[in-house]
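Throughout, protein chains are lettered first and strands after them, A, B, ... in sequence-line order, and every chain is numbered starting at 1. Worth saying up front: this structure is predicted, and the values here are computed from it rather than measured.
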Protein chains: 2
Amino acid sequence: MATKLTSRQKEILEYLHKSSRTTGLMPSTRELQHYFGFASQTAAMSHLRALEKKGVIQRVPGKARAVIFPEELDREEIRDIPIYGRIAAGYGDSTAPEPEGCLSIDITSLGGRGKNETFALRVRGESMIDAHICDGDTVILEKREARNGDIVAALIDGETTLKRFISQKGKTYLQAENPKFPDLIPTDELIIQGVMIALLRKAA
Amino acid sequence: MATKLTSRQKEILEYLHKSSRTTGLMPSTRELQHYFGFASQTAAMSHLRALEKKGVIQRVPGKARAVIFPEELDREEIRDIPIYGRIAAGYGDSTAPEPEGCLSIDITSLGGRGKNETFALRVRGESMIDAHICDGDTVILEKREARNGDIVAALIDGETTLKRFISQKGKTYLQAENPKFPDLIPTDELIIQGVMIALLRKAA
DNA sequence: CTTCATTTTTTTCATCCGAAAATTTTCCTT
DNA sequence: AAGGAAAATTTTCGGATGAAAAAAATGAAG
């Protein structure tokens, strides 16, 4: 079952992947035929059969374009998370800024919490270094109410910063995780944009 | 174009997602019909048309099961990465141990390096804490030759540990990023299992 | 009540598409 | 040279599937 693929079979499989990713559709046997210049559709059919026999694809008999990649079946649901470099003041409900990128990850790896809206921020500065959050890291946040001890993205002076949210004896304030940075006692209102649920770092 | 969906349309869209994720296939219009108990296939058709008009799906005229989610088209290629808790001694080429989980993420977020085989390890212990890698973090590694300064997973005494790889003046050794841990000079041979390319941390 | 969009029905077509049987060709291995 | 697997061809079927036209319910809003 786990026999190696022939070079032709690799070509076919690669095309299946490419087609499925770029067009969003599985090719029909005739589309395969035309792409590879076969004179017959049966050639495509028998290749699919061979690939199925070797376990790299699955097929559903009788159904159109019914080629499945087993690894995608096992996969958890994928969440697409917009990455913002900076969140402007008016944010919160409606005016989402332009994302500067996007991050796709399965929801299990995010800790299961999938219900709320999620977004990501690139960390700038060292103010959370003692929580082992570094400059350049990408922090993934969830929109929900902050609880004591949560790391949150908050709006301070029109700028979004990452801090630890502290709620003690009825008072709430923000704390940096770096002795060089002072605590922030909110002047009027504390606007929490999101609560950190995960962190992603690329190696240099 | 960005009109809100009616409740019926939400149901249909949700079924499309569910079907596509669990069976790996888009339902045909007749499958939609039977699922929702319509007496006609045309009912399904017109719902699909409505969803397309509102921009939440795309369709390719004339082709079977040709419903596409736009967000999946934009998505980068997803990589499925097995997570190992422990890598046994004989590893490296053939004998992969049982993964204790799986992580799916787009390859761009991994730093582009997509060619080599990748795997992930759960970090245990504090030996790399000064590199801001904590107990419980998941480290994503790539199989390739280590360069000076890389953080690597290496096999020491039949155990896999994460250390910084140092190569100076022809000598190579491993360095913990925690003053409490000593450097490791290899006794005979240094077996590098992978080089760290990214890190993922779930908030507590 | 009227209007209008949404939702559903009935019927009919054309064609997309998987499937099968019987061969032939190509190429690698012994 | 022989054997065998992989690759490709030719031809034929029937079911799967999208599509269209005409119309009838349904339900919410003015």
Side-chain angles (χ1 to χ4, degrees), chain A residues 1-20 22-70 73, chain B residues 1-20 22-70 73:
Chain A
M1 143 154 121
T3 333
K4 265 179 195 146
L5 300 186
T6 67
S7 62
R8 195 55 155 167
Q9 285 165 0
K10 275 183 205 162
E11 284 185 78
I12 308 269
L13 183 62
E14 192 183 345
Y15 177 65
L16 292 180
H17 271 115
K18 182 190 149 199
S19 173
S20 143
T22 64
T23 73
L25 290 185
M26 274 300 168
S28 68
T29 53
R30 278 166 243 246
E31 284 167 358
L32 265 174
Q33 169 194 354
H34 294 132
Y35 183 83
F36 284 96
F38 298 146
S40 76
Q41 161 248 357
T42 317
M45 272 288 318
S46 60
H47 275 120
L48 290 184
R49 267 191 237 283
L51 289 176
E52 186 178 28
K53 205 169 175 183
K54 296 192 179 179
V56 294
I57 63 171
Q58 284 176 227
R59 276 151 35 80
V60 184
K63 295 193 174 173
R65 298 169 186 272
V67 173
I68 306 167
F69 300 121
L73 262 192
Chain B
M1 146 154 117
T3 333
K4 264 179 194 147
L5 300 186
T6 68
S7 63
R8 195 55 155 168
Q9 285 164 0
K10 275 184 203 161
E11 283 185 80
I12 307 269
L13 183 63
E14 192 182 346
Y15 177 65
L16 293 180
H17 270 115
K18 181 189 151 201
S19 173
S20 143
T22 64
T23 74
L25 291 184
M26 274 300 167
S28 68
T29 52
R30 287 179 229 242
E31 283 167 358
L32 265 174
Q33 170 195 354
H34 294 133
Y35 182 85
F36 284 96
F38 296 146
S40 75
Q41 160 250 355
T42 316
M45 271 289 318
S46 59
H47 275 120
L48 290 185
R49 268 191 238 282
L51 289 176
E52 187 178 26
K53 205 169 174 181
K54 297 193 179 178
V56 295
I57 63 171
Q58 286 177 224
R59 276 151 35 81
V60 185
K63 295 194 174 172
R65 298 168 185 277
V67 174
I68 306 167
F69 300 121
L73 263 192

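- The residue among A:Glu31 and B:His47 whose nearest nucleotide of DNA chain C lies closer to the 5′ end is B:His47.
- Each of B:Gln41 and B:Ser7 has a nearest nucleotide on DNA chain C; the 5'-most of these lies closest to B:Ser7.
- Looking at A:Thr22, its side chain does come within 3.5 Å of a backbone N or O of A:Lys18 through a donor-acceptor pair.
- Residue contacts for A:Thr6: at a heavy-atom cut-off of 4.0 Å it reaches the sugar-phosphate backbone alone, with no base atom in range.
- Rounded to an integer number of Å, the gap from CD of B:Gln33 to P of C:dT11 is 13 Å.
- With rounding to whole Å, A:His34 atom NE2 is found 14 Å from D:dT9 atom C1'.
- Ring geometry for A:His47 against A:Phe38 counts as parallel: the plane angle stays under 30°, on a 0 to 90° scale with 60° as the upper cut.
- Computed from coordinates, the A:Met26 CE to C:dG18 P distance equals 12 Å when rounded to whole Å.
- In this structure, A:Thr29 reaches the C:dG18 phosphate: one of its side-chain N or O atoms is under 4.0 Å from OP1 or OP2.
- At C:dC17, one or more side-chain N or O atoms of A:Ser28 fall inside 4.0 Å of OP1 or OP2 (strictly under the cut-off).
- If you take CZ of A:Phe36 and C1' of D:dT9, they are 17 Å apart, rounded to a whole angstrom.
- B:Ala39 comes within 4.0 angstrom of the backbone, heavy atoms only, and of no base.
- Distances shown here put a side-chain N or O of B:Arg49 below 4.0 Å from the OP1 or OP2 atom of D:dA20.
- Rounded to an integer number of Å, the gap from CG of A:Leu48 to C1' of C:dG18 is 10 Å.
- The distance between atom CG of A:Leu25 and atom C1' of C:dC17, rounded to the nearest whole Å, is 14 Å.
- When heavy atoms are screened at a 4.0 angstrom cut-off, B:Gln9 is found touching the sugar-phosphate backbone but no base atom.
- The side chain of A:Arg65 sits closest to C:dC17 out of C:dC17, D:dG18, D:dT9.
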- prompt: Would B:Leu51 and B:Leu5 satisfy side chain to side chain contact (heavy atoms under 4.5 Å, CB included), going step by step from the backbone distance to the final call?
  reply: CA-CA 8 Å; B:Leu51 289 176; B:Leu5 300 186; 4.0 Å; yes

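- Using a 4.0 Å heavy-atom criterion, one finds that A:Ala64 contacts the sugar-phosphate atoms exclusively.
- For B:Thr42 against D:dA19, a side-chain-to-base donor-acceptor contact under 3.5 Å is absent.
- Not one side-chain nitrogen or oxygen of B:Arg30 sits closer than 4.0 Å to the OP1 or OP2 atom of D:dA16.
- Closest to the side chain of B:Met45, from the set D:dA19, D:dA8, D:dT17, is D:dA19.
- Remark: A:Arg8 is in phosphate contact with D:dA8, judged by side-chain N or O atoms under 4.0 Å from OP1 or OP2.
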field: side chain to side chain contact (heavy atoms under 4.5 Å, CB included) evaluation trace for A:Lys54 with A:Thr6
entry: CA-CA 11 Å; A:Lys54 296 192 179 179; A:Thr6 67; 4.3 Å; yes

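- The aromatic rings of B:His17 and B:Phe69 sit parallel, their planes meeting at an angle under 30°, below the 60° perpendicular limit.
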